[in-house]
Every structure is written in structure tokens, then in C-alpha cells.
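The structure appears right after this line, and notes come after that.
Read the numbers this way: they start at 1 and go in the same order the structure lists the ligands and their atoms.
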Amino acid sequence: MSIIFDEKQQILHIKNKAVSYIMEIVDGKYLVHRYFGPSVRSYHKTGIPQYFKRGYATEHDISIPHASFDDLPFEYPVREHGDFRIPAFAAESASGIVYSDLRFSSFEVQKGKPGIPGLPSVFASEEESETLKIICEDPKAGIRIFLYYSVIGDLAVLLRHQEIENTGKKPLKLHNVQSLSLELPARSYDVLSLYGSHAKEANKNRFPLHHGIQRFESLRGSSSPQNQQFFALLSPDAAEEKGEVYGFHLIYSGNFLAQAECDQFGNVRAQIGIHPENFCWTLEPGETFSSPEAVLNYSDEGLNGMSHNFHQLYLNHLIPSHFARRPRPVLLNSWEAMYCDVSLEKIETQAELAKKAGIELFVLDDGWFRSGNTTRTSMGDWICNENKLPGGISAAARIVHEKGLQFGLWFEPEAVGKDSILYQEHPDWVIHVPGYSMTEGRHEYLLDLSQKTVRDYIKNMLHSYLKNGDIDYIKWDMNRPLTDVNSVLLDYNHKGETSHRYILGLYDILNWLKQTYPELLVEGCSSGGARFDPGMLYYVPQIWASDNTDAYDRISIQDGFSLLYPPSAISSHVSITPNHQTGRSTSLETRYRTASLFTLGYELDLTLCSSEELKEIRDQIRDYKQIRSALIQGVFYRHTSPDDNHLMWSVVSDTDCFVYIMQKFHDPLRSHGRFHLCGLDADSDYQNADTGEIFCGDELMKIGITVPLIKEDFHVFFLHFQKMELKC
Ligand code: DGJ
């Protein structure tokens, strides 16, 4: 890992064993991108564009003959000088002019990886990371911009963010501050993104990049299930195990824009950052603004390579370290068993059965504070309904603890209902536009987290439940988009900051929670996976991936999320059949296998299970406990399937290989395709833990295993190979 400046060539080269990132300072003032990709020893200006006079192009004060700004690979582009491609930055001066001329000024190399005030970001020690800070300036506009580039060890990722300082005497309005802008050479790329909806999150969307702009975004106030704050540019031959992939991910939970432009000449520009729409940040003289952090990921080992880079980065440098590599308790969640109709009797019965099954944590979901048994009432006051739970939450916690289980509780701290005392007393604490009726979402509204008093209310409320140690886990839910975007406390100059300030407020509360209760296990949730993003994972080690608990649908949802997130961050539950969301029936075995590679829970009424099913659940949990440490330590792979009917995942640790093969339908016309295992030690032997058969590592990887013959629809087939000491 090193950051080198070649003064003669005016080249800045950030490198580790995996990647190189190269920029050139042209004429001492223009910062131009030259390369990002596999590591090179050093750079001598190969691969530079060859310009010639083109018609209808603008002319510039630059020593490169015929270089048009519309064709120059700017490191951090603005639009105002003839580069008409997507800009990374736009600021308005007090005169109302949107114009900046950012010239290279200086740079410095720092040991370590800086944090970003108020925002989640990757952390790393001084020994394992290094940062380049480039300063560009426009003194006339009063703008100084710090471009940050960090590398961590030999990981094939680069962390990027920007800090803007108002060096002038008048306020500046920031309209656009992208976290990352990358120039890639002209060639064919495929684009990969993840789109979805409530109950059908993280679907893969792959298509050839075409001329023009392709963009993925959220303007829903949170990262949203509609688009993940991610995309990748792939070589067209890329698959799970091979090919080149450039991945872009944003460590942020609010509105975002992720886009790629293929320009008139086939050059490609990729960007990711806060969505410029609904965003305008006023920077007073002397103030600074920091963008969220973006992750730039390179893999020449296909999508699995990209996933491994993200998984390593997030497990070792983002997710709370206390939990990141620690097996999580198997939980029973009350939602699909009770919905809002909760009672102490039900809790006691479920906890009793749960304990016998080997479950370790009982989670009381929604309903405990509602005046009725629907989600329509009482949101925001957080007063336990003692008609349902006499003695309150302490009584429920006591019952659960007495059964020998941990106790978890559901909250939706950001929401408020009109019938609440909170709303009656503090209507101004709600995001709304005065004089207009508010848009309801799931019968509720959102609190204005940009207000400190509101954040203090939420912190005090949570503290009142957490302080006596009754609660071992909380589920932090959020069930509606941000609409009627306005904070009554912000004045005219700051209205455009509301959405970002909402997210900063959320992070402030989550940070307080993490600092005050470091041992508390917090699970993120937003109507399922509507806020599944790396920003949240900085505070919470696991996130509920979807309200859809149907194993068949969950397979593709989890497969999609696994592109970016380690399996332990993805919560998955075994629920009742027929499934409550889809009506589909799948075997208990399939439901368990689908959930058990991830963070396992159960979400069903155990009193409805037969004694055979309860025994099966007990056996499942016993088996899971034996392998969960290996699962969390292992490396996760998706495998290219020989057909459309099967999908395979595996986890390979130092000692074991766990294989999960999902079959959609039993097909009498099935072929005898093979899956190839990955990541095994080619020279070691592996024994099938069930049958005792022994195979060589290279045999399993090169020849592969035959798609199993299963005469059942929606089935998950499990194989466990143990690495042997001796070779055959
Ligand atoms: C949405 C969540 O995704 C569900 O798991 C459940 O907690 C409900 N909210 C409760 O209202």
C-alpha cells in the first residue's frame, strides 16, 4: 500500500497489491483521471487519449493540443466550462451564479483513514490504511474542496468522499456534491443494479450500457427497496466466477443518485452520491460540508470477487466490531404469530416452546403499545398497553428471561400517529408543510429528526426502556417514505437541507445508541429491506431483508443482497406455511435451509406446529448451532448455474464447505448439469459429512458436482464437506 507522487510526470499514484488509481496534474491546474484497475508497478503515461480537432468543440487554456473539455477525463468535473457530461459538483454564489473553476492546489498523504463528522464511514487503523487528500480551489468563488482517497491494506477497494469549505465572505449554496466520479475508457460494459419493491427487494437488473445516462436513484427520503444505492459496470463476459467488475456503493441511507454516462465518444463516467434533487445546502463563510463516503470496488474475479471485497470491507471495517464476526442468537419474532394482538399469556407460551426448541432470543414485535390490535393507533407515545401486558414491558421481559431466553423489543422511533399525545402536544415536531394536509403512510407521519429536541425525545424514550437492562435486542423499524419534505425550524436558506438533515439526525441517534449501549444487539428494518444500506450497517450488525418470508422468494432476495452484504448482515426467518405473503407452501426443511445460511430466526406461532415439526425445528437449531461459527467466518460464493431451474450458494471456511442448492421445480426433462465448487484447497480432500464419500478439492472445483435429483418443487438441498487432514 503506497501513495506516490512522481513530480517529473506530475502523476499521483495510489496503489496496493490489488489496485492502482492514477491521476495526472495537467499544466499544474487540471486534475485529470488516468486509470483505475489492477495494480501496476508504476505509470509512464500509457493509454492517454489522442485528441484531434473536432468540429463544434470548445477551446481551452490547456497545453494538450485539441483537448476538448467535453472529452477530458476530469477527476471531479463541473459543468460550467464545456464539459457537458454529468457533473460531480455545482455551487451557487451569493450573486446567484452557478459557476466554479476548481483548480488543483496541493495534496497531502496521511496515515490512516479519517472518519467523516456526523456520517457513517469505513474505519481502519493507521498501520493498515493510508489516505490521499487533494485540495482544489476556486478562490474567486470562495470554494476549497478536499478530495479524499483511502486504501486499506491490499483490499481492492478505494474509499472516496469530499469536503467543501467556504473560503469566501458570503454564503454558498451547494447544489450537487457527488461522493465519487470515475472515468473509464471507451469499451463495452454491462450495467448491473438491484431494483425492487416492498416484499420483493434486491432483484438483479443487467443490461448493456448504451449511449446516454443510465441512472438509479431514490428520492423517497431513505435508500429504498426500489433501487439499491449501488451499480456495477462489468465486462460483458463477466459472471459469478470470472470477468472484470467495477462496483460503486454509497455508505448512506437517504436520497441518492447512482449513474453512468456513455458519452458521444464512448467514454464512460460513473458517479454516486447524494441526489442533487431536493438538496441544497447553504454553507456560511468558514463552514465545511462533508459528502457521504463511496466505495469503489474492482474485481477481475467476477461478481464473487466484487462481493468478497465488499464483504471483507464491511465485516472488518464498517459493521460494529463487537458483533461483526460473532454468531448471532437464534430468535423467535412474534410478528407473524401474533401481529398486534399480543398478550403475556401468548408470550409465555411461545417462549416456553421456543426454549425447548433451542431458540435463544424472543422478540416482541409491534402491538405492545397499540390501543387496538391494528397498526393504525398510538404511534409515537411508546407507552405500553397494560391491558395487553399487565406490568408492562418489564413483566414481559421477566417472563421471557425466566424461561432462559434473551428479550428483544420492536420500536419504530421515527414515526408518529395523529392520535398520539406526542402529536397533539408537538405538531411542529413532524415533517410537514404548514397549511397543507399531511400525506399519510401506513397511517403515520415522520418526526423531524433534524430538530435536536426531537432527537432528545427519542433518545430519552429509548433510554427509559433500555437503562434497567431488561432488553437485550431491539428491532429498529421505519415504515414509510419521507413526503411533504419540510422542517418548520429551518429558514428559507436551509429548507433544501431537510432530507439530508433527517438522515444526519437518524445517524446522531443511532450513534448515541451504539455508544451508550455497545452490547445491545440492534436489528435494522424498514418494512423489510427498504433501508438496507451500508450506512445503517455502521450502526447495526444485521438488517431484516424483506417482509416476504416465503422461502422461494427469499432465495432471490437474499441472492441479490449477497452481492453487497455478508450473509451475517442479512436476517432471514422460518415462517409458517402456506406463507402469509404469497400463499405458497414449502417444506420446513426448505424454509430452514433458505434462512440458515444467513442470520437465522423463526417467525411463526409455535403452538400451530405439530410435535414432529417442533422436533424438526429443535434438530435444525441444534445443527445450526454446530455450524454457525464456521458460516460467519467462511467465504460466501454464488455459483453459475447450468440451468434456469437451480441456484447454488456455498460457504467455505478453513475446515468446512457448506453447499446449498435451490431447485425451483422438479423437471422430468432435467439435464445432468454440474455446479463447480469454488475456494477449496485443490490439494486437500473433502469428505461428505453425511455419506462419508471422499473427493479431491480440485475434483470438486474442476469437474464439479451433479445437480441433485430431487423430485420436489421448491426444494433446498444441503451438502456438507469436511476438509480432511490426509490426501488421497
Ligand atoms: C414492518 C416490518 O418489516 C415487520 O417485520 C414488522 O415488524 C412490522 N413492520 C410491524 O409493524
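Of the protein's non-hydrogen atoms, D365 OD1, 3.4 Å is the one closest to atom 6 (C) of ligand 1. The protein atom (non-hydrogen) at minimum distance from atom 3 (O) of ligand 1 is D547 OD1, 2.3 Å. In terms of protein heavy-atom proximity, atom 9 (N) of ligand 1 is closest to D477 OD2, 2.7 Å. Nearest to atom 5 (O) of ligand 1 among the protein's heavy atoms is K475 NZ, 2.8 Å.
Applying the 4.0 Å criterion to heavy atoms of C525 picks out, from ligand 1, the atoms 2 (C), 3 (O). The contact set between ligand 1 and W544, taken as ligand atoms under 4.0 Å from a residue heavy atom, comprises 3 (O), 5 (O). Counting atoms of ligand 1 from 1 in the listed order, those under 4.0 Å from a heavy atom of S527 are 1 (C), 3 (O). The contact set between ligand 1 and G528, taken as ligand atoms under 4.0 Å from a residue heavy atom, comprises 3 (O). For ligand 1, the atoms sitting less than 4.0 Å from at least one non-hydrogen atom of D366 are 10 (C), 11 (O), numbered in the order shown with element in parentheses.
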May I have the step-by-step check of ring-ring contact (aromatic ring centres under 6.0 Å, His included) for F411 and W368, ending in yes or no?
CA-CA 10 Å; F411 289 95; W368 57 270; 5.5 Å; yes
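The shortest N/O to N/O separation between R370 and ligand 1 does not fall below 3.5 Å.
Side chains of T549 and R554: no donor on one and acceptor on the other come within 3.5 Å. Using a 3.5 Å distance cut-off with no hydrogens or angles, the side chains of W410 and D477 do pair a donor with an acceptor.
For the salt bridge (Lys or Arg N to Asp or Glu O under 4.0 Å) condition, the pairs that include at least one residue of residues 404-427, sequence neighbours left out, are E414-R531.
Relative ring orientation between F561 and Y565 is described as tilted, the plane-to-plane angle lying within the 30° to 60° band. Below 30°, between 30° and 60°, or above 60°: for Y624 and Y592 the angle between ring planes is above 60°, a perpendicular geometry.
When heavy-atom distances to ligand 1 are checked against a 4.0 Å cut-off, N333 has no atom that comes that close, whether in backbone or side chain. Only side-chain heavy atoms of R442 come within less than 4.0 Å of ligand 1; its backbone N, CA, C and O stay farther off.
Checked by atom type and distance alone, the side chain of S585 never pairs as donor or acceptor with a backbone atom of T577 at under 3.5 Å.
Using a cutoff of 4.0 Å between basic side-chain nitrogens and carboxylate oxygens, D470 and R398 are not scored as salt-bridged.
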